[in-house]
2 protein chains.
Amino acid sequence: MKSNDIKEAALKYFTIHGYEGASLSQIAEEVGMRKQSIYAHFKGKDDLFLNVLRDAKETELTSKLQYFSKVDSNNPEQDLYGFLQLIIDLFQKNEHVKFWLRMSFFPPAHLEEAITEEVMDIEEKVQVILEQKFQGWIDAGLIIEEAAITPTFAFLGVVDSIMLELVYGNDEQRLKDKVTASWTVFWRGISA
Amino acid sequence: MKSNDIKEAALKYFTIHGYEGASLSQIAEEVGMRKQSIYAHFKGKDDLFLNVLRDAKETELTSKLQYFSKVDSNNPEQDLYGFLQLIIDLFQKNEHVKFWLRMSFFPPAHLEEAITEEVMDIEEKVQVILEQKFQGWIDAGLIIEEAAITPTFAFLGVVDSIMLELVYGNDEQRLKDKVTASWTVFWRGISA
DNA sequence: CGAATTTTAACGAACGTTCGTCAGTTATCT
DNA sequence: AGATAACTGACGAACGTTCGTTAAAATTCG
């Protein structure tokens with residue numbers, strides 16, 4: 001399907017240059033066609049963007065949900081650290097994640113509403129699952145006894161900070177060190 | 001000085017729409033002049049942008065350095081939590097910070113090198129000071145005995161995650177909860 | 001002091017370029 | 001043959017930028 005090639009190229013340029021900075025000419029050139037031919041597949045720039053956005057959302061969502069449905073151990077240390085590694089792997093092999101991050105926090109103004117809706121949808125689902133997990137571990141006496149929302153938010157914070165370091169991403173060693181540091185302190189801060 | 005009005009308006013539009021999405025027409029209109037008049041004060045769009053960038057850098061740097069030179073107590077809990085509050089205050093009353101954050105992580109491609117240089121300069125200075133502080137607290141037995149870089153990186157991670165939440169910024173209560181959660185877990189994870 | 005001169009800051013008009021988009025035509029492929 | 005998807009050509013609008021000009025403010029000089 002040629003539409004997928006277009007979306008792939010669009011993803012690349014939207015990620016690097018943002019919505020306003022990405023031009024249909026560049027995207028078309030990457031695929032090996034003229035920019036007008038894109039209109040045989042999409043209604044226009046917005047339509048193309050929103051399609052890429054939804055693909056990115058699905059990648060993001062299913063990867064995360066699948067991880068937590070797969071692992072079901074009573075080993076929070078392994079599960080949580082594994083999730084951090086999943087994020088790192090996803091980010092490095094899948095351009096969708098960087099695109100998703102950029103558009104989550106700096107969306108094109110005229111599409112902010114549509115984007116925020118999708119972002120909040122994921123955010124909420126992940127938070128709910130994470131909170132349930134933590135509640136289970138608290139009940140099992142595996143981590144400190146407190147409101148489940150506390151380790152949930154703290155962990156989401158660790159995830160965010162690692163994603164930022166991934167975006168920054170010009171120093172592999174620094175990334176490893178920051179992950180190790182954040183994880184060490186976080187785990188000490190919640191383990192019973 | 002009219003130049004400052006221009007820079008102020010430019011800061012606003014660069015922050016909201018990014019480099020590519022901000023137009024000189026809009027910026028000029030905000031100040032009450034035509035876009036051509038901007039060229040009496042700046043060589044062009046790049047020159048205007050880099051001037052705004054350097055202002056933002058100075059605000060960012062002096063605020064942070066000043067905080068750590070002012071407080072010199074043996075109370076890391078107070079100092080560190082105060083720093084988080086400083087970040088939040090700065091962000092909410094000063095548009096420079098959001099601009100700085102956006103351009104740090106998603107710079108316009110053709111200015112990436114110049115921007116990265118400025119960003120790394122701040123990053124490094126803050127890290128050095130923070131690491132010295134932590135070393136002092138470790139030596140005084142106030143926090144866990146380990147390599148000073150560990151709490152430093154972990155704390156920088158907390159700062160980053162809070163800044164992201166500030167950018168996201170559509171839920172004041174959620175911000176407070178995330179700050180509280182991250183801080184609680186972090187502090188428990190490093191306090192002796 | 002007052003006149004002459006330079007500097008500053010704004011302007012309208014226009015430049016060449018690129019943007020996203022639409023219409024009509026040709027080529028490809030079942 | 002008919003449908004799909006590519007093409008060429010053209011559109012108005014906006015972009016950043018340069019030009020020449022004007023009016024006012026600041027500076028220099030007789």
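Just so we're on the same page: letters track the sequence lines, and every chain starts at 1. Please read these numbers as outputs of a predicted model, since none were measured by experiment. Side chains included, hydrogens not; waters and symmetry mates left out as well; all remaining heavy atoms used.
- Atom CD of A:Glu20 and atom P of D:dA14 are 16 Å apart (whole Å).
- B:Asp121 places no side-chain N or O within 3.5 Å of a backbone atom of B:Glu117 that could act as its donor or acceptor partner.
- Looking at heavy-atom distances under 4.0 Å, A:Ala22 makes contact with sugar-phosphate atoms alone, never a base.
- Distance NE2 (A:His17) to C1' (C:dC19): 15 Å, rounded to an integer number of Å.
- B:Leu24 has its CG atom 21 Å from the P atom of D:dA13, to the nearest Å.
- Put simply, CD on A:Glu29 is 17 Å from C1' on D:dA6, counting in whole angstrom units.
- Across D:dT18, C:dC11, C:dC22, the shortest atom-to-atom separation from the side chain of B:Tyr39 is found for D:dT18.
- Atom pair A:Phe42:CZ and D:dA5:C1' shows a separation of 13 Å (rounding to whole Å applied).
- Closest approach to the A:Lys45 side chain among D:dT18, D:dC7, C:dT21 is made by C:dT21 (side chain taken as heavy atoms from C-beta onward).
- Counting to the nearest Å, the C1' atom of D:dA5 and the CD1 atom of A:Ile6 are 10 Å from each other.
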Check against ring-ring contact (aromatic ring centres under 6.0 Å, His included), B:Phe99 and B:Phe49: CA-CA 11 Å; B:Phe99 169 86; B:Phe49 177 85; 5.7 Å; yes

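- Here A:Ser23 lies in heavy-atom contact (under 4.0 Å) with sugar-phosphate atoms only.
- Remark on DNA chain C: of its neighbouring residues B:Lys35 and B:Gly32, the 5'-side contact belongs to B:Gly32, judged by nearest-heavy-atom nucleotide.
- Considering only side-chain N and O atoms, B:His41 lies under 4.0 angstrom from the phosphate OP1 or OP2 of C:dA10.
- Comparing atom distances between the A:Ser25 side chain and each of C:dC19, D:dA6, C:dC11 picks out C:dC19 as nearest.
- Outside the 6.0 Å centre-distance limit, the rings of A:Tyr81 and A:Phe186 are not counted as a close aromatic pair.
- Computed from coordinates, the B:Ile38 CD1 to D:dT18 P distance equals 13 Å when rounded to whole Å.
- A:Lys45 places a side-chain N or O within 3.5 Å of a backbone atom of A:Tyr19 that can act as its donor or acceptor partner.
- Between A:Arg34 and the phosphate of D:dA6, there is no side-chain N or O to OP1/OP2 separation shorter than 4.0 Å.
- Between the side chain of B:Gln36 and the base of C:dG12, at least one donor-acceptor pair of N or O atoms lies under 3.5 Å.
- The existence of a salt bridge linking A:Lys12 and A:Glu95 is excluded, since no basic side-chain nitrogen approaches an acidic carboxylate oxygen closer than 4.0 Å.
- Across the protein-nucleic acid pair, B:Tyr19 atom OH and D:dC15 atom P stand 13 Å apart, rounded to whole Å.
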